[in-house]
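The structure appears below as structure tokens.
As a basis for the values below, the full set of heavy atoms in this structure was taken, side chains included, without hydrogen atoms, waters or symmetry mates. Order of the sequence lines sets the chain letters (A, B, ...), proteins ahead of strands, with each chain counted from 1.
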2 protein chains.
Amino acid sequence: MRASGPESTELIKRVCIIGCGSIGSLYAAHLAKVTEVWAFVRRPEHAEALSRDGLRVTGTHQFHAKLHAAHDPADLPEFDLGIVSSKAAQTAEAVRPVAHLFKKGAILSAQNGLGGEEIIAELAETLVIRGTTFMSGTRHSDTHVEYELDTATWMGPFEPTNTPFTVVQEAAEFICSSGLKAVALQDARPAQWSKLIFNSSVNAVSALTELPHSFHFAVETGFSDLGYLLHALIEEGKQVAAGLGIQLHEDPWEMNKIGAQTDHPPSMLYDIRHRLKTEVDFLGGAIAREAQRAGVPAPLHTALYRLIKGKEASWTYDGKRHAAANKQA
Amino acid sequence: MRASGPESTELIKRVCIIGCGSIGSLYAAHLAKVTEVWAFVRRPEHAEALSRDGLRVTGTHQFHAKLHAAHDPADLPEFDLGIVSSKAAQTAEAVRPVAHLFKKGAILSAQNGLGGEEIIAELAETLVIRGTTFMSGTRHSDTHVEYELDTATWMGPFEPTNTPFTVVQEAAEFICSSGLKAVALQDARPAQWSKLIFNSSVNAVSALTELPHSFHFAVETGFSDLGYLLHALIEEGKQVAAGLGIQLHEDPWEMNKIGAQTDHPPSMLYDIRHRLKTEVDFLGGAIAREAQRAGVPAPLHTALYRLIKGKEASWTYDGKRHAAANKQA
């Protein structure tokens, strides 16, 4: 189902990358090699830097790309394809100002977790593509991204917009033509849920312990070992997927074992350290809600979801004796 | 079973308070009014300050007491009663140097959680009293403690040392004679487990969210509300107690509802903020282990226990890319 070649770029002549973090920057730079790319970003200085300096890619691929960028939606033309790579929690805010520019095209959600597609479909009258990317990179500056794992974006029709599979295939072929990896699937949910379960479990444990994705996540020796908790979270997630009739594409426990060798800091750890609203509503919160819908218990994902929401609440809560911590309880 | 009066102090002529945090300071100051009290503390300057200035109590009770204090066990005489009020995690370290000084007396454990009595009994060849205190106070300095809730210490025989009930009664009457509240019980486990379940649940959620014991802990309206998690933790704890044949003395959920109006920072929140080893092994960890022993599932207490152990591990873990947090996962 993977394809590349010049013919695939003929249908998609202008692309908008919505949100240029590490993943958005990787899409923008690669696609700019084969078509006209615009980056829609929140900060004016970010747009200015991209317009002036382009994007430098280091790591697995090494090149420099020139592209267009804007922070004002009035500066943007119409597009054949949009790729939403903002934080899941910022989807509505990121997509709303440009939602009208994709009427003749499609929008791919390349975000973490579950629920981004629903938000995009509600805002934009266009075809939506369900996407899950396994690429990873580090954003060193507004104009420099390091490409780490050159793994695929898995894509499939978003069911409620009846996106034709040919549209998904075109988009996947187009992405492949830029040197990235993409796979078109008749049903992308097994891939999305594999990553959702992996990501929810690892991000939640990392956010609450403030450990990166370290060896601790896979150790199952002593009673207090975190590997047991990861295993239990992953098993619970699998039960929820099964309850929804979704058979997983990959085993999240195997993904965890590999990740636990990297010391990679998951995005939610970054958010917690910087007191930024996390994506937990689209990760563990999504599993907890889907579990309710399916009538399958998910006590662990639900517990960790509530703890992270409590953590977010703590940043602005100023209790009457909040400061007086030198107490005995 | 509560008693007071001069006759009760006749049997207990010399007391050692092991560990002078807020609870230890409250015992030391009150008991110094009716008998000879020694405080055994870790820091030389703490001992010096107590010897020189005594202890000032403000709040619910207001008085000043003079007492003896030592950081060197060689300076200590023999005792009729010991009260261990160190952190549960420091029990062995605190008791070991003075364990030989109680052969003719008894030692009361007035610590958080479960397991302190076992450690004391292993170190000291003496009678051990199972204790749970509901007093609360704030330690303002080495020589000033504010007394807040003047609630009782519940005491009963520690079963493995076959402590006679009369010994428990004597100790309770003695504590009452000092103006504190104490209750002698034939079986102190229902009281200890009530507080254990309450304390484990509230401390773990506070440690992980960094919220004090705030209103959030009792709210059960929206799906993400923490009250649901507290309720589930407390129910799970009750099932473990029932599995061990222990009927609770008080309902921990009612205790939580009252506490959630105080914004009190639980001791584990203090530990987390100051990166000090927590008491989780004696709280949620104890429930998780007892659940295993009883063959009752306790997935939530076990999960939160593992998260807190992971959090402790994060303070000293220096992964290969720990610092590079600006990543996408």
Please determine, among [options], the option with the most heavy-atom pairs under 4.5 Å with chain A.
{"options": "H213(B), Q292(B), E146(B)", "result": "Q292(B)"}
{"options": "R306(B), K311(B), E312(B)", "result": "R306(B)"}
{"options": "L304(B), L233(B), T133(B), L229(B)", "result": "L229(B)"}

If I measure from the heavy atoms of chain B, does [X] come under 4.5 Å with its side chain, its backbone, both, or neither?
{"X": "Y228(A)", "answer": "both"}
{"X": "D225(A)", "answer": "backbone"}
{"X": "A313(A)", "answer": "both"}
{"X": "A288(A)", "answer": "both"}
{"X": "F223(A)", "answer": "both"}

Original post:
Can you check whether F215(B) and Y317(A) have ring centres sitting under 6.0 Å from each other?
Top reply: yes
Original post:
Roughly how far apart are E210(A) CD and L208(B) CG, rounded to 0.5 Å?
Top reply: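 Spacing of CD (E210(A)) from CG (L208(B)) equals 10.0 Å.
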Original post:
Should L300(A) and L300(B) count as side-chain neighbours, where that means a heavy-atom distance under 4.5 Å?
Top reply: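 Yes, close enough: below the 4.5 Å cut-off.
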Original post:
Heavy-atom distance under 4.5 Å to chain A: side chain of S206(B), backbone, both or neither?
Top reply: neither
Original post:
Crowded around R43(A) CZ? As in, over 12 foreign heavy atoms under 6.0 Å?
Top reply: yes
